[in-house]
Structures are given as structure tokens and as C-alpha cells.
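Below you'll find the structure, written out as C-alpha cells, and then a few comments.
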Amino acid sequence: MNIIGKDIPRKDAELKVTGRAKYIDDLTFPNMLYVKVLRSRFPHAMIKDIDISRTKNNKGIVTILTYKDIPGVNVVPVVLMDQPLLAEKEVRYIGEPIALIAGEDKEATEDASHEIKVEYEELKPIFDPVLAMKRNSPKIYGKDNVFSHHRIRRGNIKRGFNECDIIIEHRYTTSYQEHAYIETQGMIAVPYEETMVIYGSMQCPFYVQDAVSKILGLPYNRVEVIQTATGGAFGGKEDVPSLVASQAALIAFKTRRPAKLIYSREEDIESMSKRHPAVIHYKSGVTRDGHLNAVEVKYILNAGAYSTLSPIVLWRGTVHAVGPYKCPNVKVDSYATATNTVPCGAFRGFGTPQITFAVESQMDELANKLNMDPIEFRLKNILRKGDRTVTGHLIKDSMELEKTLKKAAQIGWKIKKEESKDYIKRGIGVACNYYGVGLGAGGKHLSKAGAMVSVLGDGSVNFAVGTTEMGQGMETVLSQVAASELGIKYEKVSIVLTDTTRVPDSGPTVASRATVMSGNALIKACKPIKKSITDIAAKMLGCAPSKVKLANGFAGFEKKRINLDDVVSECFKEKRIMSAQGWYKAPYTSWNKATGQGKPYFIYSTGTNIAKVEVNLLTGEVLVKKIVAVHDVGRVINPQTAAGQVEGGVLQGVGYALFEEMDSRDGKIQNTNFSTYILPTSKDSPQIVSVFVEDPYPEGPFGAKGLGEQPLIGVAPAITNAIFNATGIRVRDLPATPEKIILELDSRQGKF
Ligand code: MOS
């Protein structure tokens with residue numbers, strides 16, 4: 001039995017549901033200190049004085065540290081190196097770390113944090129990402145508050161629009177989105193002889209290693225980072241765990257005691273990254289026959305006070321700015337601007353959900369103006385094998401968007417009119433998307449992955465990879481890959497905790513890259529071991545090695561079968577290699593910064609969402625009844641975990657579309673917990689029909705592409721397009737709250 005493509009139970013399911021999995025807050029170490037972060041209460045101010053003289057003698061307080069105590073460099077390393085770990089002279093957002101308090105218990109540190117007197121001199125803040133670029137606005141970064149700018153130039157935009165019969169132009173805005181991982185940020189730093197050992201919840205141990213090493217002034221080989229069970233991440237644990245770990249590590253380094261730092265929900269929401277709010281000016285034009293001929297976009301992201309990952313989030317959004325469509329004339333300009341607000345960063349989709357909302361709203365509107373069915377309109381314009389993207393990338397492999405669109409339409413593109421009551425309007429909407437798998441040309445130097453595999457004397461297997469399990473199912477999928485490759489039973493294969501001393505720097509677990517990158521590295525690591533097993537099995541079976549079949553715990557030749565455990569035991573007696581490393585580097589990618597042309601990603605996943613909604617005209621409430629989500633991810637390794645990714649992504653997309661709104665007033669987030677930041681619950685979940693169309697990607701492990709982020713991206717526009725279909729209302733500012741819908745309805749009284 002081949003276990004690729006089968007519904008194999010999750011490796012981590014039992015541990016997690018029984019509560020035996022060890023999350024960071026479950027761990028304690030002897031003599032451990034608790035850490036609390038003192039944060040700025042102002043969005044923009046000079047720090048005149050920090051008075052810790054009295055507080056540091058409080059009962060239970062062990063030390064209070066500021067930037068002056070940092071032995072290395074005071075920087076959180078990401079892209080532009082503009083963010084300090086602890087503020088020096090100036091604070092730039094509410095929640096910015098100023099000092100670290102260490103105590104024998106949480107209460108002591110909590111009390112101390114209220115007693116420390118910080119003297120500020122307030123500076124003029126800037127909150128609006130568009131105003132931030134204006135000449136007269138306060139400057140917090142460079143001469144124009146622009147952290148990053150990207151562009152695409154293709155064809156002739158002026159001529160392109162002149163050739164169009166229908167042109168539409170609108171402004172779209174999207175809100176912050178909070179990751180809402182169940183487990184908040186947390187780290188423990190443990191000094192062990194000459195090494196600083198870091199345990200915690202994270203997506204990239206190698207980023208954490210780099211940050212801690214820079215802050216403490218230690219070489220990489222004196223910083224060991226071990227990922228503990230991670231309770232959700234969604235991009236929110238890509239770069240920011242570097243801060244949390246460095247804060248704990250600085251205390252541990254200075255006191256020579258283990259230091260634990262777990263963020264409260266309120267401080268996590270206030271100070272950690274989120275999805276960037278966006279302002280998008282979108283203009284697109286079609287010819288009478290329905291061909292997209294020109295697109296002009298200005299895409300602005302509110303990056304917050306420091307650049308963190310914004311340049312790359314913006315780059316990905318720029319690449320995807322025209323969606324999965326052909327268009328000969330394109331002009332895109334995108335900006336990530338600095339404001340005195342919390343720094344934004346990675347969140348499932350990485351700059352793509354915002355722009356996809358604009359793209360798919362425009363496609364729907366163009367189809368409507370053309371009097372054309374939105375599916376038919378998309379079929380005229382979507383990318384197929386042999387087409388070029390708007391960045392000039394010729395698509396050669398695995399691109400089955402058309403199949404996803406047709407399949408989704410077949411399942412969900414109909415509505416029973418008779419079901420509508422007079423105050424309940426029903427509608428359907430569609431959205432397509434594509435998504436570059438992996439870091440692409442924007443993260444070229446990180447596009448690699450390592451794996452280690454050991455077959456042990458009893459025939460069980462340990463493997464380690466540099467990417468991380470954070471709930472998405474990587475452990476399960478990679479166990480299937482290793483088991484299938486070696487022919488060993490799935491039950492005998494285990495992953496070990498991701499640890500920087502075990503595997504080489506494999507970059508971050510982001511960008512839907514783990515299956516492809518670690519899967520390929522793992523297959524390479526299995527090769528020499530598989531050869532040992534095959535050689536010895538051939539001897540035992542009395543045949544040529546090329547004739548041996550390995551599968552599901554057995555080696556076979558013609559009718560003969562022998563147990564692999566016996567073969568493995570024989571391999572050990574023969575002293576054959578049974579442990580090996582594998583290494584995979586991503587295929588070639590390229591990007592021309594001036595023109596935005598090149599091959600930004602080596603492969604794309606694609607998908608279509610169809611939403612069925614009910615809009616209540618009395619309350620403005622939108623009920624999502626059904627989402628049909630059809631995705632093309634190459635080959636599906638585990639349909640059950642894949643469907644899990646889709647269901648989670650859809651629900652996150654429903655939240656993004658309808659509920660999730662962060663109220664930031666003068667740089668202060670008002671809703672810092674889940675009683676006021678409204679998330680979709682199981683009661684808000686639509687019926688989710690998840691379907692995969694398969695077209696194996698030749699370079700992927702068993703033909704797989706990436707899936708992680710894809711399911712969320714097209715959900716919001718499918719819903720807002722369905723709202724239009726039901727009511728004639730175009731929501732151009734996410735989320736589509738009842739208040740917005742009611743206001744629209746009020747302004748069109750008498751239309752229904
Ligand atoms: Mo993901 S948003 O690429 O961590």
C-alpha cells in the first residue's frame with residue numbers, strides 16, 4: 001500500500017488532544033526567573049529618563065535591564081536592521097519595549113512594571129500610511145517614511161487604457177488582522193555552561209539564533225534554539241519570536257539563571273505583528289470582448305514603526321497585484337510606509353490577501369459591466385500553461401487554475417431564487433487566486449533546506465528537518481514522505497524537535513514552503529540509507545538490488561517477502577550507512593527591480609473559491625452559508641490534513657471578510673482581547689466543500705506544491721462579490737460589517 005495520497009492520522013493528534021504535548025508554558029527549570037517587558041505608553045516620544053533606582057530593590061525583583069545592558073548590538077535583525085531590541089532615546093509605537101524586569105515570581109515583576117517611572121517628551125506622531133508619504137508629515141524613516149517600494153512595468157499603460165472599452169477605478173482598504181494563535185508568544189532562555197539554550201514557540205529557529213547571537217554577542221555555535229510544540233503561528237511567529245527570545249536571553253545571560261517570558265494576550269495583541277492594513281488604488285480596463293488589457297495599481301501598506309518583514313510582504317503583494325490573469329499592459333507601484341503604530345508583518349498570504357481583495361472585486365465589477373458571467377469572464381483571462389504572468393514568467397509546469405474554476409462552478413455556481421425571503425437576500429460570488437510557493441526571488445539566499453534521517457537498529461526511524469510543525473500538519477506529511485521513500489511503516493517513523501544543533505539553517509517555515517523544501521531534502525537524505533537497505537535486502541532475497549521492492553515494512557522480490565526490521569538489523573551487522581543528511585536548494589528565480597519582470601517564484605499553487613451568502617436587509621448581517629474551495633496544489637500527500645488547511649484558511653478568510661476589525665485610535669489598539677476583537681466561531685462556519693484537482697509538479701516531493709496560505713487568500717472577495725450579487729452593494733472596505741451594509745442600504749432606501 002502506498003501511503004502517499006492517503007488519509008493517514010496526524011502524528012501529533014493524540015499528544016495534543018490529551019494535553020500531553022509540551023508547550024513552552026508547560027516547561028519550568030530549576031531556579032527560573034520570570035520576565036516582564038516594560039513598554040512605551042506613547043506612540044512617539046523621546047525618553048528623557050528611566051528611574052529604576054527604587055524599584056530594583058523591591059522584594060522579589062532580581063534585575064531590571066535597559067538597552068545599556070546589551071552586550072552585543074541593540075538590533076532585531078530582519079531585513080533593514082532599523083529596530084532596536086530595547087528603545088534607546090526614542091519610542092515609536094505604543095507597546096515598544098523599553099526595559100526588562102526579572103523577578104522570582106510573576107506578581108513581583110508585574111508590580112514593578114507599574115512602579116518604574118519613565119519620563120517622556122512627546123513628539124508629533126503620524127498614523128496614516130498615505131499621509132506619512134507627504135512632504136510635511138513627521139519623519140520617522142528616511143526622507144519620505146517609505147521603507148520599501150516595488151514596481152512592475154509591462155507594455156504601455158497609456159496605450160493599454162486607450163484600447164479599452166470599459167475602465168473602472170476604485171479605492172479599496174483592508175483592516176489589520178490579528179493572528180489569534182491559541183498560544184501567545186513565549187520563550188525560555190536557559191544558560192547551560194557556555195551555551196545559551198532557547199526553548200519556545202516559533203516558526204524559524206534560525207532567525208531566533210541569529211537575533212540572540214547578535215544581542216548577546218555570542219557566536220552561532222553558542223546559541224542553541226529548540227522549538228517546542230507550537231500552538232498556531234500563521235506568520236505571527238515568523239520574525240517576532242526573535243524579540244521575545246532575545247528579551248528572555250538577555251535576562252538569562254546577565255543573571256546566569258533560566259528566564260521565562262510568556263506574553264499575556266493583551267500585550268501580545270498590542271505589541272506583536274499583524275496583517276498590514278492596506279490602501280489600494282486599482283484601475284483596470286477591458287475590451288468589449290472581455291479581455292483584460294490594462295491594469296494600474298498603487299498599493300500602500302501601513303508597515304508600522306519599524307520595517308521588520310514589510311519589504312518582503314510588499315514584494316509578494318506586488319508580484320500578485322494582477323491576480324492569476326494575463327494582461328499585456330501593467331503598471332504597479334507599491335509602498336510600505338512608516339507610521340507610529342505597531343509593526344506589521346507576516347500573516348498567511350503575506351501581502352496577497354489585501355491585493356487579491358482588490359483584484360477580484362475589480363474582475364467581478366468588470367464582468368458585471370460587460371454583462372458577462374463572472375466565471376466566463378475569468379475563463380477568458382486566467383493563466384494557463386504556456387502563458388506569461390504579468391511579470392513575464394512563462395508558465396511551464398503544474399497550473400490547473402482552469403480546472404479549479406470549472407470544478408468550483410460545477411459544484412457551487414447556482415442559486416435557488418425561490419429560497420429568498422423578502423428581507424433575506426441570497427447571492428453567490430467567485431474569486432480566483434494564485435500563489436508563488438516558497439520564498440522566491442525576494443528571499444533567494446534563504447531558499448534552501450536540510451534534513452537528517454537515522455534508521456535505528458530496531459528498524460524505527462528518526463528524522464529532523466529545519467522547518468517547523470506549528471499545527472499545519474508538516475510532521476505528518478513529512479513522516480509519510482520518509483516512510484514511503486524508505487518503505488518503512490509510517491508508525492515507525494518519528495520527527496524530532498527542530499533544533500539548530502541538529503539540522504543546518506533551512507530558512508523560515510513560511511511561504512507554504514515546508515512540504516516542497518523539507519520534503520525534497522528528506523528524500524535526498526533517505527537515498528544513501530535506501531541504498532544500504534536495498535543492497536542487503538537483495539543479498540537476503542538472492543536477487544539484484546534493482547529488483548528489490550520496498551514498501552510498508554517489507555522488502556520483496558517476486559513472490560518472496562522479508563521483514564524490513566530483519567534487513568535493517570543485517571545492515572547494522574554489515575556496518576552500512578544508516579544515517580544521512582539531505583540538502584535541497586530551490587530552483588532558479590529572478591527579479592528585475594526596475595521593471596518588475598522576471599521569474600519571481602519557481603511554481604504557483606492556484607485555487608477558486610465560490611461563496612454562497614445570505615444578507616439580512618433588516619440587520620445588515622451577512623451569513624456565509626457555503627464556501628466551495630477548489631485548489632490545485634500539485635499532488636496531495638494527505639487529503640485529510642490538506643482539507644484541514646482549507647477549512648482553517650476558509651474560516652480565517654470569513655473572519656477577514658466580515659468580522660475582524662482592529663480599532664486603532666491614535667496608535668492605540670482598543671480591542672486587545674477576544675471579547676472585543678471578534679473572531680469567527682464554529683457557529684459562523686459555513687459549510688465548506690473542499691476539493692483538490694491534481695497535476696503533479698515534477699520538481700515537488702511526489703508531485704506536491706505548497707498549500708499553507710492558499711486557502712485564505714480568495715475567501716474575502718468571494719464573499720464580498722456574493723454580497724454584491726445578493727444586494728447590489730459593493731463593499732470596498734474590509735471587513736463587511738453589518739454597520740457598513742446598513743449604512744449602504746439606508747442610503748439607497750426604496751431600491752429593494
Ligand atoms: Mo508566512 S505569512 O509566509 O509566515
Side-chain angles (χ1 to χ4, degrees), residues 78-79 174 176-181 183 185 201-208 227 230-244 272-278 301 303-304 308-320 336 343-356 433-444 446-447 449 466-474 498 506-518 586 589 600-605 633 645 648-649 652-653 655-656 660 705-716:
V78 193
V79 180
T174 63
Y176 284 105
Q177 189 178 20
E178 165 60 35
H179 303 91
Y181 26 65
E183 180 202 33
Q185 305 282 345
S201 184
M202 68 190 93
Q203 281 174 249
C204 184
F206 308 98
Y207 282 179
V208 171
Q227 187 218 6
T230 294
F234 313 109
K237 292 172 185 170
E238 174 172 352
D239 59 324
V240 290
S242 293
L243 272 102
V244 189
M272 294 281 94
S273 72
K274 346 209 153 292
R275 189 184 304 292
H276 296 75
L301 289 179
T308 68
L309 289 162
S310 295
I312 328 178
V313 173
L314 184 74
W315 179 74
R316 185 180 273 276
T318 308
V319 170
H320 294 88
C344 290
F347 191 158
R348 205 172 189 176
F350 217 74
T352 306
Q354 296 96 320
I355 199 77
T356 303
N433 74 284
Y434 77 146
Y435 197 71
V437 175
L439 300 166
K444 239 182 151 116
L446 299 170
S447 290
T467 50
T468 52
E469 171 68 55
M470 46 185 138
Q472 82 276 43
M474 180 195 79
T498 302
S506 303
T509 307
V510 300
S512 308
R513 70 191 285 271
T515 302
V516 173
M517 299 301 294
S518 287
T589 52
Y601 295 98
F602 52 83
I603 196 73
Y604 304 86
S605 289
V633 294
Q645 283 279 32
Q652 246 168 356
Y656 192 49
E660 297 185 46
K705 301 193 280 191
L707 169 64
E709 295 160 279
Q710 170 85 356
L712 179 148
I713 297 168
V715 175

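Numbers here simply count residues along the sequence, with the first being 1. Counting starts at 1 for both ligands and their atoms, in listed order. Predicted, not measured: the structure shown is a model, and the values here were computed from it.
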Residue, atom and distance of the protein heavy atom nearest atom 3 (O) of ligand 1 read A511 N, 2.7 Å
Using the ring centroid of each side chain, check whether H320 and F350 are separated by less than 6.0 Å.
no
Please answer whether the main-chain N or O of P508 pairs with a side-chain N or O of Q203 as donor and acceptor at a distance below 3.5 Å.
no
Basic-acidic side-chain contact under 4.0 Å: R348, E709
no
Heavy-atom closest contact (T174 atom, H276 atom, distance)
OG1-O, 4.1 Å
Quick note on ligand 1: atoms under 4.0 Å from a heavy atom of F350 include exactly 2 (S), 3 (O)
F347 heavy atoms within 4.0 Å reach ligand 1 at atoms 2 (S)
Tell me the contacting part of E709 for ligand 1: side chain, backbone, both, or neither, using a 4.0 Å heavy-atom threshold, strictly below.
side chain
The atoms of ligand 1 lying under 4.0 Å from a heavy atom of E238, numbered in the order shown, are 4 (O)
Test: K237 and E183 ion pair at under 4.0 Å:
yes
Nearest 0.5 Å, what's the OG1-CD distance between T356 and Q354?
8.5 Å
I'd like to check which ligand 1 atoms, numbered from 1 as shown, lie under 4.0 Å from a non-hydrogen atom of R348.
2 (S)
K237 near ligand 1, heavy-atom distance under 4.0 Å?
no
